[in-house]
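Right, one structure below, let's go through it.
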Amino acid sequence: MQRYVSLNQNKDFLRLYYRGKSCAKPSVVVYAAKNRAGVCRIGITTSKKIGNAVERNRSRRIIKAAWQNVFRDNQIKGNWDFVFVARNKTKFQKSTVVANAIADSLKELGIIDEKRSD
RNA sequence: AGAGUGAGUUGGGCAGUUGCGGUUUGCUUUUUGCAAAACGAGGAAAGUCCGAGCUCCACACAGCAGGGUAACGGCUAACGGCCGCCGAGGGUGACCUUAGGGAAAGUGCAACAGAAAUAAACCGCCUGAUUUCAGGUAAGGAUGGAAAGGCGAGGUAAGAGCUCACCGGCGUGCAGGAGACUGCACGGCCAUGUAAACCCUACCCGGAGCAACAUCAACAGAAUUCAGGAAUACCUGAGCGCCAGCUGGGCGAAUAUUCGAAAGAUGGCUUGAGCCUUCGGGCAACUGAAGGCCUAGAUAGAUAAUUGCCUUAAAAGACAGAACUCGGCUUACAGACUCAGUCGCAAA
RNA sequence: GCUGCUAUGGCGCAGUCGGUAGCGCGCAUCCUUGGUAAGGAUGAGGUCACCGGUUCAAAUCCGGUUAGCAGCU
């Protein structure tokens with residue numbers, strides 16, 4: 001299993017916000033777009049509205065753990081860039097809840113198959 | 001048992017599964033990848049309010065300007081910090097608070113009210129004159145935060161430190177103390193408040209900050225001047241750039257420097273005024289010796305997710321995330337625990 | 001991470017060597033007009049971001065807190 005590759009350029013985030021497909025859930029917002037990098041890359045946004053540094057770090061870790069569960073349990077067609085935006089509820093939720101939310105979002109966007117996500 | 005005071009500790013633990021960060025070791029070996037091991041956020045990491053180390057700017061210089069501190073003695077690398085102690089204020093008490101030099105060097109300000117605000121006569125009182133006034137007087141009234149030291153007695157035409165006792169303040173002398181200061185005696189009777197207003201006195205401070213700075217890579221542009229003497233090299237004068245503000249003074253010039261543009265890699269980056277234990281010195285802050293230990297170094301940013309058990313009356317919950325590093329201060333903080341004083345009540 | 005600046009009526013701003021806080025636009029009422037706009041008159045609206053200190057007295061001086069904004073490779 002390969003570790004995640006993170007997005008760190010502001011232009012990558014802007015590209016997903018303007019060009020990518022999006023799906024909003026109460027716990028997390030997902031943006032997705034295809035890339036040519038050969039791997040799947042993710043970026044996590046935690047704004048100052050979430051809270052102080054501890055709460056932002058907490059949200060980031062929960063999303064990262066949820067993404068690792070989704071990436072392990074599902075087959076992703078092609079290479080995509082993802083941006084996950086934390087919301088106010090994220091820091092109070094378990095990572096399993098957030099993982100279900102991400103999986104549902106990716107199904108709606110047609111990135112993963114319905115069958116494999118049991 | 002109750003109320004209250006001070007000081008300190010802690011800030012969940014254990015195990016399983018899936019994962020993360022740099023380090024070390026081994027295998028593979030151009031990078032890289034794989035495996036194993038131990039380690040991996042705080043008491044405030046926060047605010048950035050002080051003080052230092054470190055780096056660059058003349059290994060940093062002088063004067064002015066500017067800023068800071070403020071009883072006294074000590075501790076410290078240093079400090080605006082800490083300890084002790086003095087004065088003042090508060091509390092029945094344990095104890096707490098305290099930017100606490102100088103207003104007799106000078107200047108400014110003191111609104112409104114009040115007759116008058118640093119200088120005195122509005123009412124009143126007394127004397128002369130006789131209803132216009134002149135003089136004396138700070139006892140009493142009224143205003144104010146503050147009204148000419150307070151209060152009592154003598155004294156006087158009425159009054160007044162005019163005189164006296166006590167208290168307060170100032171000065172001098174003596175005694176005690178390391179000193180601030182305290183106690184006693186004597187003297188004269190004067191001094192509003194404000195210095196977190198300017199200021200004076202004493203002491204301290206050069207500037208900027210790890211996004212500093214160094215090396216490598218990359219880079220399209222601009223500037224590096226003029227005069228005189230001389231030998232292209234040097235000297236003199238002016239200019240330019242840098243040296244936190246001004247003045248002096250200093251430094252600089254072609255594989256170099258400065259400005260601009262671009263923003264990438266590596267170092268700086270963790271062994272340090274370090275931590276623990278024992279013994280010694282000191283009332284204490286702190287310090288000396290011996291022994292032991294190595295305890296985060298990321299660069300969009302690593303400590304997570306999930307399950308079970310323990311602790312708890314119950315629920316793992318408060319405040320909160322290192323970013324060059326230390327010493328403090330301030331602010332935020334659920335719960336739990338320890339120690340030492342105090343007060344009144346009851347009982348013995 | 002570091003360095004600065006700001007907070008005053010609904011909005012934009014004065015006032016900061018202390019002495020009872022104002023201006024413009026906006027708002028309300030009245031006048032003017034057949035009616036409206038413009039104009040004129042009157043009025044309301046303020047914990048001077050918050051907490052403490054100095055002072056007789058603080059928007060102002062001093063310390064702390066909160067929020068917002070700007071700059072630095």
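Keep in mind the model is a prediction, meaning the values are calculated, not measured. Residue numbers start from 1 in every chain, and the chains themselves are labelled A, B, ... in the order their sequence lines are given, proteins ahead of strands.
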For A:Lys25 against A:Ala101, the heavy-atom pair lying closest together: CG-O, 4.0 Å

For A:Tyr31 and A:Val85, which heavy atoms make the closest approach, and how far apart are they? CE1-CG2, 4.0 Å

In whole Å, measure the gap between the [atom1] atoms of [N] and [M] for me.
N	M	atom1	result
B:A185	B:C198	C1'	43 Å
B:A196	C:G15	C1'	22 Å
C:G53	B:U98	P	11 Å
B:A298	B:U9	C1'	32 Å
B:C294	B:C85	C1'	43 Å
B:A88	B:C170	P	12 Å
B:C251	B:C57	C1'	11 Å
B:A1	B:G183	C1'	48 Å

Syn or anti for [N] (syn when the glycosidic angle lies within 90° of 0):
N	answer
B:G11	anti
B:G341	syn
B:A254	syn
B:U192	anti
B:A119	syn

Hunt down the Watson-Crick or G-U wobble partner of [N], both distances under 3.5 Å, from any strand shown, or write none.
N	answer
B:G291	B:C276
B:A71	none
B:A336	B:U9
B:U172	B:A185
B:C319	B:G42
B:C326	B:G51
B:C213	B:G267
B:A147	none

Side chain to side chain contact (heavy atoms under 4.5 Å, CB included) partners of [X], counting only residues at least two apart:
X	value
A:Arg60	A:Ile44, A:Thr46, A:Arg56, A:Asn57
A:Ile62	A:Arg58, A:Ser95, A:Val98
A:Ala32	A:Trp80, A:Phe82, A:Leu109, A:Ile111

If you check the A:Arg61 side chain, which of B:A302, B:A305, B:U303 turns out closest? B:U303

Round to the nearest Å and state the distance from [X] atom [atom1] to [N] atom [atom2].
X	N	atom1	atom2	answer
A:Ile62	B:G321	CD1	P	17 Å
A:Arg58	B:U306	CZ	C1'	11 Å
A:Asn57	B:C319	CG	P	16 Å
A:Trp67	B:C20	CH2	C1'	17 Å

My validator wants the stems of RNA chain C: runs of 3 or more consecutive Watson-Crick or G-U pairs, both distances under 3.5 Å, written as range with range. C:1-7 with C:66-72, C:10-13 with C:22-25, C:27-31 with C:39-43, C:49-53 with C:61-65

